[in-house]
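For reference, the structure discussed in these notes is given below.
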Amino acid sequence: MEPQFFIFFLLMFFTIYLVAYFVVFRSWSPKIRPEASSCLISIFHGTPAVVLATYALLSNKSRGFSSSNTPLENLVLDFSIAYFATDLLHYLVFFPGDVLFIAHHLATLFVFITCRWLVSHGAYALLSLLILAEVTSACQNAWTLACARSHDSEFAGKVYHILSPPFYAFYSVVRGVLGPMFVYEMCVFYMSGAADPVIPKWVWISWLIVVASAISVSILWVSNLWIQLFRERRGLFYKKVT
């Protein structure tokens, strides 16, 4: 275990958040400054996590659902654990009533921490899911920031309306198709018992429950966004024809 990397990443994300809140978004409304600051640390985590995780997995020639974690894979886990811990603190301070996101972050931290520090196996599965989860991060953060300012900025409103359909489509394919396909492969492997000697059954069962729940919530979330988009576009169409 190399706690110095985790501590470094934790301090890094915490510093980025403070800079975002007190400097970058200081002129923004107090109601949206916390959300914007959260988006900024997400930007610093999302795409770098995809690149790092991809490199770590490709560097591991013996990668598999029950393979032992490599030092580079553990480094990526430390990176993501630090991010989710920082963002969890953000929600606890500014949005303590947002039970869904708090539960999501706690569950994600449980999965990463057990993989990193308890069993030290299975990083291939979790980092593959991390790639699928974060590959949409840059687009989602741009969409979120545009949405937050769409009511008081004409430019942000245009970006929000232009970005919404392609973002929803991209997110739907990743979370609604690729994600479930990979989780199915995980289920088949772990339920065969092949990983039981190195990953206790209660651990991989809890992983599958968390992952399946997260994907289900993501599908429900983007489905509601599609419904809202169709309603908005239909309303605009009716206004034009009348």
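Just so it is clear, the model here is predicted, and its values are computed rather than measured. Numbers here are sequence positions counted from 1.
Atom OG of Ser29 is separated from atom NE2 of His151 by 11.5 Å, given to the nearest 0.5 angstrom. Once rounded to the nearest 0.5 Å, the distance linking NZ of Lys158 with CG of Leu163 reads 15.5 Å. Note that CZ of Phe112 and CZ of Phe79 are 11.5 Å apart. Values are rounded to the nearest 0.5 Å. In this structure, Ser38 OG and Leu89 CG are separated by 11.0 Å, a value rounded to the nearest 0.5 Å. Rounded to the nearest 0.5 Å, atoms CZ (Phe84) and CD1 (Ile113) are 11.5 Å apart. Interatomic distance, Leu126 CG to Cys115 SG, rounded to the nearest 0.5 Å: 4.5 Å.
With a 4.5 Å cut-off on side-chain heavy atoms, Leu40 and Phe25 count as touching. Under the 4.5 Å side-chain criterion, counting only non-hydrogen atoms from C-beta, Ser206 is not in contact with Val111. Between Ser68 and His121 the shortest side-chain heavy-atom distance falls below 4.5 Å. Residues Glu185 and Phe65 meet the side-chain proximity criterion, which asks for heavy atoms closer than 4.5 Å. Looking only at side-chain heavy atoms (C-beta outward), Val183 and Leu129 come within less than 4.5 Å of each other. Put simply, the side chain of Trp226 reaches to within 4.5 Å of the side chain of Phe230, judged on heavy atoms. Residues Phe182 and Val211 fail the side-chain proximity criterion, which asks for heavy atoms closer than 4.5 Å. Counting only heavy atoms from C-beta outward, the side chains of Tyr168 and Trp143 approach each other to under 4.5 Å.
Heavy-atom neighbours of Phe8 CZ from other residues, nucleotides or ligands within 6.0 Å: at or below the threshold of 12. Heavy-atom contacts from other residues, nucleotides or ligands closer than 6.0 Å to CZ of Phe44 number 12 or fewer.
The side chain to side chain contact (heavy atoms under 4.5 Å, CB included) test with Ile41 is passed by exactly one of Leu18, Val19, Thr15, Asp87: Asp87. Just one of Val76, Leu75, Asp78 meets the side chain to side chain contact (heavy atoms under 4.5 Å, CB included) condition when paired with Arg116; it is Asp78. Residue Tyr21 is tested with Phe14, Phe94, Trp28 for a ring-ring contact (aromatic ring centres under 6.0 Å, His included); the sole match is Phe94.
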- Go through the steps to decide whether Ser80 and His45 satisfy the test side-chain hydrogen bond (donor to acceptor under 3.5 Å, both in side chains), and finish with yes or no. CA-CA 7 Å; Ser80 291; His45 169 258; 2.9 Å; yes
- Message: For a side-chain contact (heavy atoms from CB on, under 4.5 Å) check, start with the C-alpha distance between Tyr171 and Trp221, then their side-chain angles and the critical distance, and finish with the verdict.
- Response: CA-CA 10 Å; Tyr171 192 95; Trp221 180 73; 3.7 Å; yes
- Task: List the steps and the verdict of side-chain contact (heavy atoms from CB on, under 4.5 Å) for Arg175 and Val222.
- Result: CA-CA 9 Å; Arg175 301 296 182 96; Val222 76; 6.0 Å; no
- side-chain contact (heavy atoms from CB on, under 4.5 Å) evaluation trace for Leu100 with His104: CA-CA 6 Å; Leu100 184 61; His104 168 270; 5.8 Å; no
- Trace of the side-chain contact (heavy atoms from CB on, under 4.5 Å) decision for Ser137 with Ile43: CA-CA 7 Å; Ser137 176; Ile43 290 172; 5.9 Å; no
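Cation-pi contact between Arg63 and Tyr124: absent, since separation from the ring centre below 6.0 Å together with deviation from the ring axis within 45° is not met.
Connection of Leu132 to Met181 is not established within any shared hydrophobic cluster, with ILVMFWY side chains joined at heavy-atom distances below 4.5 Å, either directly or through further cluster members. Hydrophobic clustering, with ILVMFWY side chains joined whenever heavy atoms are under 4.5 angstrom apart, groups Phe22 together with Ile32. Taking hydrophobic clusters as Ile, Leu, Val, Met, Phe, Trp and Tyr residues chained together by side-chain heavy-atom distances below 4.5 Å, Val177 does not share a cluster with Val217. In terms of hydrophobic clustering, with Ile, Leu, Val, Met, Phe, Trp and Tyr side chains grouped at heavy-atom distances under 4.5 Å, Leu220 and Leu225 are assigned to different clusters.
There is a side-chain donor-acceptor pair under 3.5 Å between Trp204 and Asp196. No donor-acceptor contact under 3.5 angstrom links the side chains of Thr70 and Asn60, judged on distance only.
Classified by interplanar angle (parallel below 30°, tilted 30° to 60°, perpendicular above 60°), the ring pair Phe101/His105 is perpendicular. Relative orientation of the Tyr190 and Trp207 rings is perpendicular, given thresholds of 30° and 60° on the angle between their planes.
Ala85 approaches Leu10 most closely through the heavy-atom pair CB-CD1, 4.1 Å. When all heavy atoms of Ser37 and Ala20 are compared, the pair lying nearest together is OG-C, 3.6 Å. Closest of all the heavy-atom pairs between Ser128 and Leu57 is OG-CD1, 3.5 Å. Closest heavy-atom contact between Phe170 and Val135: CE2-O, 3.7 Å. Shown here for Leu145 and Cys39, the closest heavy-atom pair between the two residues is CD2-CB, 3.9 Å. Counting all heavy atoms, side chain and backbone alike, Pro197 lies closest to Ala194 at CD-O, 3.6 Å.
Taking the six-membered ring wherever Trp is involved, the centroid distance between the rings of Phe13 and Phe9 does not fall below 6.0 Å.
Ser153 contributes no side-chain N or O that, together with a main-chain N or O of Ser150, makes up a donor-acceptor pair within less than 3.5 Å.
Grouping Ile, Leu, Val, Met, Phe, Trp and Tyr by side-chain contacts under 4.5 Å, direct or through others, puts Tyr184 with Val188.
Residue pairs meeting the salt bridge (charged side-chain N to carboxylate O under 4.0 Å, His left out) criterion with at least one partner in residues 130-150, sequence neighbours excluded, are Arg149-Asp152.
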